[in-house]
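Single-structure report; data block below.
Quick note: residue numbers are just sequence positions, from 1.
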Amino acid sequence: MSTIPPVKQIDANTFSIRMEHLFDYEQLPHLLKQSLQMQHIERGYNVTVLRCDNGEVQLGYNFLELEGKEGVTCGGRTQEKDVTNFK
């Protein structure tokens with residue numbers, strides 16, 4: 001367990017979280033969905049995980065993929081050691 005920095009609002013529909021430590025990509029979709037439901041946020045969303053050093057996309061998905069048979073397409077990936085921005 002580690003402290004998660006405050007969420008930054010980039011614009012009306014974009015939020016960013018800077019993660020200083022590795023996290024389990026497999027748990028991200030479920031945890032994010034659960035968190036949004038607890039806050040009564042019911043609208044659709046996209047998730048993008050970016051490397052902080054170069055902005056390269058590490059993984060991304062749309063909330064609709066959570067309901068599909070195949071789940072999130074980027075599942076099963078291991079995270080490279082780096083600071084990561086989560087949008």
| Hey, what do you get for CG (Leu59) to OG1 (Thr48), rounding to the nearest 0.5 Å? |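 Reported to 0.5 Å precision, the distance equals 8.0 Å.
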
| request: Starting at CD of Gln27, measure out to CD of Gln34 and round the result to the nearest 0.5 Å. | output: 10.5 Å

Would you say [Y] ends up clustered with [X] if hydrophobic residues are merged whenever their side chains have heavy atoms under 4.5 Å apart, either directly or through other cluster members?
X     : Y     : answer
Leu28 : Leu36 : yes
Ile41 : Val7  : yes
Phe15 : Tyr45 : yes
Met38 : Leu32 : no

| message | So which atom in Gly55 and which in Leu50 form the shortest heavy-atom distance, rounded to 0.1 Å? | response |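 That would be O-CD2, 3.6 Å.
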
| request: Grab the two heavy atoms, one from Arg43 and one from Ala12, that are nearest each other, plus how far apart they are. | output: NH2-O, 4.0 Å

| task | Sequence neighbours left out, what passes side chain to side chain contact (heavy atoms under 4.5 Å, CB included) with Glu42? Give chain and number order. | result |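 By the side chain to side chain contact (heavy atoms under 4.5 Å, CB included) rule, Glu42 matches no residue at all.
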
| remark: Across all chains, not counting sequence neighbours, the side chain to side chain contact (heavy atoms under 4.5 Å, CB included) partners of Lys8 are none

| query | Looking only at atom types and distance, does a side-chain atom of Gln9 sit under 3.5 Å from a main-chain N or O of Asp11, one as donor and one as acceptor? | reply | yes

| task | State, with a plain yes or no, whether a side-chain heavy atom of Val47 is found less than 4.5 Å away from one of Asn62. | result | no

